[in-house]
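Structure first, then comments.
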Protein chains: 2
Amino acid sequence: MTARITDVARAAGVSASTVSRALRGRPGVSEEVRAQIAAVADQLGYTASQSASSLASGRTYTIGVVAPYIGRWFFGTVLDAAEQVFSAAGYDVLLYNLGSPEARKRFFTRLPVRKRVDAVLSLLIPDPDESAALRSLGVPLASTVGGAREGFTVVGIDDRAGAESAVRHLVNLGHRRIGMISGASGPLHWTTPVDRREAYLSVLADAGIAHDPALEADGGYTVEGGEQAMTRLLAASRPPTAVFAQSDEMAMGAMRALRRHRLRVPEDVSVVGFDDHELAEVVGLTTVAQPVAGQGTEAARLLLRQLDEPAEPDAQPPADKVRMPIRLVLRETTAPPSPRGPQ
Amino acid sequence: MTARITDVARAAGVSASTVSRALRGRPGVSEEVRAQIAAVADQLGYTASQSASSLASGRTYTIGVVAPYIGRWFFGTVLDAAEQVFSAAGYDVLLYNLGSPEARKRFFTRLPVRKRVDAVLSLLIPDPDESAALRSLGVPLASTVGGAREGFTVVGIDDRAGAESAVRHLVNLGHRRIGMISGASGPLHWTTPVDRREAYLSVLADAGIAHDPALEADGGYTVEGGEQAMTRLLAASRPPTAVFAQSDEMAMGAMRALRRHRLRVPEDVSVVGFDDHELAEVVGLTTVAQPVAGQGTEAARLLLRQLDEPAEPDAQPPADKVRMPIRLVLRETTAPPSPRGPQ
DNA sequence: CTGTTAGCGCGTTCAC
DNA sequence: GTGAACGCGCTAACAG
């Protein structure tokens, strides 16, 4: 049916080994023969069987990418960027979408990537057990989205600094009642929500503003959740005049809730997000910008570099920690508090 | 290093064949022995080598998914949904991101999925040559996003009907100068932009409205492009009082352009989108809703069904064509034209 | 520079 | 119900 290496060998009048060497650019084949083999292979539409090749060589030329919620802008963008780097380097990408707890559990117990991939890029932060499972694969590991983890190369941002700049901006505008819509640390054991919250508390403290627990609500990192969280904040006895949302999607949800309550942004309530979502500019959202695609690209590159290195067993796993730059982008959803307040 | 089937066999006191049969649920193994083997395998953390298994059996239990721009909401959402179906059925997903022409060309000339996948789901419409290349793989094929293609099971929507409902809505509100922001058919050989445009022209004709080419602009299916397209429309000698954008992302770009020109939506200009993007509700966008995740789910299911069928060679490839439902969702970006017009 | 010889780890006959 | 042999298609080590 489809051509095998022996077909090419016979047609080119050489042995299978020579075909193998020629097609993979290994030394030890005359240019003349190489060209001849390439022509024959091309004409026969020959591609080496991945299974056979990897069985014999031990290499798969495949990267496993583990992500939660690919449909979410952030992860989709990171995945997109990482995939481009991998495929340009000749690697295929095996995708595992671990949005649901069942999918996640299934993945980590069965570990379908075992013997299937040369490396794993995780877009979520595996918890300690999961990390250990991944380490047991014995391949290079990388991860984006904060939180150092043993054995992982991690590419992320300074969540504290980002959140601080956002909250400080609100303080500088004169706000005193500043709410926060956070993301549950929940099943994802990542430090991001924690770090951003600490930054929030710290800036408030520096400004001499007492912390009011009624001004914090969980938005679960979704638009819908952000809307509900904002609604809860508005139900407080003294609602906030400004809100820091830990993601742009929650910020947009909050804006929607505000509109429903006939409150204007920023006249009645200021809103700051985090991420610089593709559509943040469309809605004029002030936000903390981070290089999202950049993190995918960088993590992918670091992983490939480890694959290229001759794997000296004495060298420690290069637990690099790369910090990508962030910056506060001022748009139209923040302003000084209204003298009358949001009521 | 990692356990092989012979390790399990030895530890369980049986032969490798029995382990193979037991673990894959094939008949011919006593329940007692099966349980014993499962326990041993579990304890050893044994997973069959994908390469060896697929080399021996010919099946890969892997689906190739080909997509453009995974970072775009639409494709990310379809991919997310499809992946869930595949992985729940025990299939892995090999992802190919064909956003750039180079990546696309590389994929179709090298066809890295050959002998690597049991089926292919394409989220883009391959041109005739590309379709032929995919057919040469000899595996079931499916595709989302419009356009029938020989040998493909396609899951899509009625683009004409959707666009008609959007434009008719504007006509019914009393608009006569109705612009359209379209997506270039460009390198993607899909019928969607063409179908939607025909619907636009047809509704205008039915309403006795002369077609003005100055009211059409290309937005390339991006937010940015939509913004530029709207800007061009506004520069017309007689700008539109309403705009139909062929995607929500372009519609949001258009809204942004309108805001920059100090025009209000819908008081000065009405806007209708297409897709019902996750954030359409946030910005109050009137749009034609289509089941995006649903298309991914359905296409994945149809593919799996073909895989399960005993592949009777006499039966024609089931070139199903599934139409998913659409509906116009009225929100806050459409209203009757202002008596004074947008100037 | 090239051909020959062995496996890689598993699924699949076929015997028993 | 179970085990022994064979081969899937390729790459690696060894000759020459």
Side-chain angles (χ1 to χ4, degrees), chain A residues 1-38 40-41 44-62 90 111-118 137-138, chain B residues 1-38 40-41 44-62 90 111-118 137-138:
Chain A
M1 175 125 178
T2 52
R4 293 158 309 162
I5 197 169
T6 49
D7 299 330
V8 178
R10 195 178 319 116
V14 295
S15 74
S17 338
T18 304
V19 173
S20 174
R21 281 188 285 251
L23 259 27
R24 289 178 305 134
R26 311 304 299 266
V29 183
S30 71
E31 265 322 309
E32 190 182 5
V33 172
R34 190 188 299 278
Q36 146 79 349
I37 290 175
V40 171
L44 265 51
Y46 170 76
T47 305
S49 153
Q50 158 69 24
S51 313
S53 163
S54 108
L55 182 58
S57 72
R59 295 205 62 169
T60 66
Y61 285 97
T62 301
L111 227 45
V113 289
R114 187 179 290 283
K115 306 174 194 169
R116 278 206 80 167
V117 299
D118 292 341
L137 296 173
Chain B
M1 179 118 178
T2 51
R4 292 159 309 163
I5 198 170
T6 51
D7 298 331
V8 179
R10 196 177 317 117
V14 295
S15 74
S17 337
T18 304
V19 174
S20 174
R21 283 188 282 252
L23 259 26
R24 290 177 307 129
R26 311 305 299 265
V29 183
S30 71
E31 266 321 309
E32 188 181 7
V33 173
R34 191 189 297 279
Q36 147 80 349
I37 290 175
V40 171
L44 262 50
Y46 170 77
T47 305
S49 154
Q50 158 69 23
S51 314
S53 160
S54 108
L55 184 57
S57 71
R59 293 206 62 169
T60 66
Y61 285 98
T62 301
L111 226 46
V113 288
R114 187 180 289 284
K115 307 173 193 168
R116 279 206 80 168
V117 299
D118 292 341
L137 296 173

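Throughout, a chain's letter reflects where its sequence line sits, starting with A, and its residues are numbered from 1.
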Take the C1' atoms of the five end pairs on each side of the helix from C/dC1-D/dG16 to C/dC16-D/dG1, derive the two axes, and give their angle rounded to 10 degrees. 30°
Do any of residues 28-38 of chain A sit with a heavy atom less than 4.0 Å from DNA chain C, and if so which? A/Gly28, A/Val29, A/Ser30, A/Val33
Would you say [Y] and [X] are linked by a side-chain donor-acceptor pair, where the criterion is simply a distance under 3.5 Å?
X: B/Thr18; Y: B/Ser15; value: yes
X: A/Ser30; Y: A/Arg34; value: no
X: A/Thr62; Y: B/Arg116; value: yes

If only atom types and distance count, is the side chain of [X] paired as donor or acceptor with the main-chain N or O of [Y] below 3.5 Å?
X: A/Ser57; Y: A/Ser53; value: yes
X: A/Lys115; Y: B/Ala48; value: no
X: B/Asp118; Y: B/Arg59; value: no
X: A/Gln50; Y: A/Thr60; value: yes

The reported gap from OG1 in A/Thr47 to CG in B/Leu111 (rounded to nearest 0.5 angstrom) is 6.5 Å
Taking only residues two or more places apart in sequence, or in another chain, which ones meet A/Arg10 in a salt bridge (charged side-chain N to carboxylate O under 4.0 Å, His left out)? A/Asp7
Who pairs with B/Arg114 by salt bridge (charged side-chain N to carboxylate O under 4.0 Å, His left out), at least two apart in sequence or on another chain? none
Below 4.0 Å from chain A heavy atoms, what is the first contacting nucleotide of DNA chain D and what is the last? D/dG9 to D/dA13
Nearest-nucleotide wise, let me know which of B/Pro27 and B/Lys115 is further upstream toward the 5' end of DNA chain D. B/Pro27
Could you tell me the separation between the CG atom of A/Leu55 and the P atom of C/dG9, rounded to a whole number of Å? 7 Å
What one should report as the nearest heavy-atom pair of A/Ala16 and A/Ile5 is O-CD1, 3.6 Å
Answer yes or no: are there more than 12 heavy-atom neighbours, outside A/Arg24 itself, under 6.0 Å from its atom CZ? yes
Do the non-hydrogen side-chain atoms of A/Tyr46 and A/Val40 ever get within less than 4.5 Å of each other? no
Take nucleotides 11-16 of chain C nucleotide by nucleotide from the 5' end and write B, S or -, depending on whether a protein heavy atom sits under 4.0 Å from the base, only from the sugar-phosphate, or from neither. SBB---
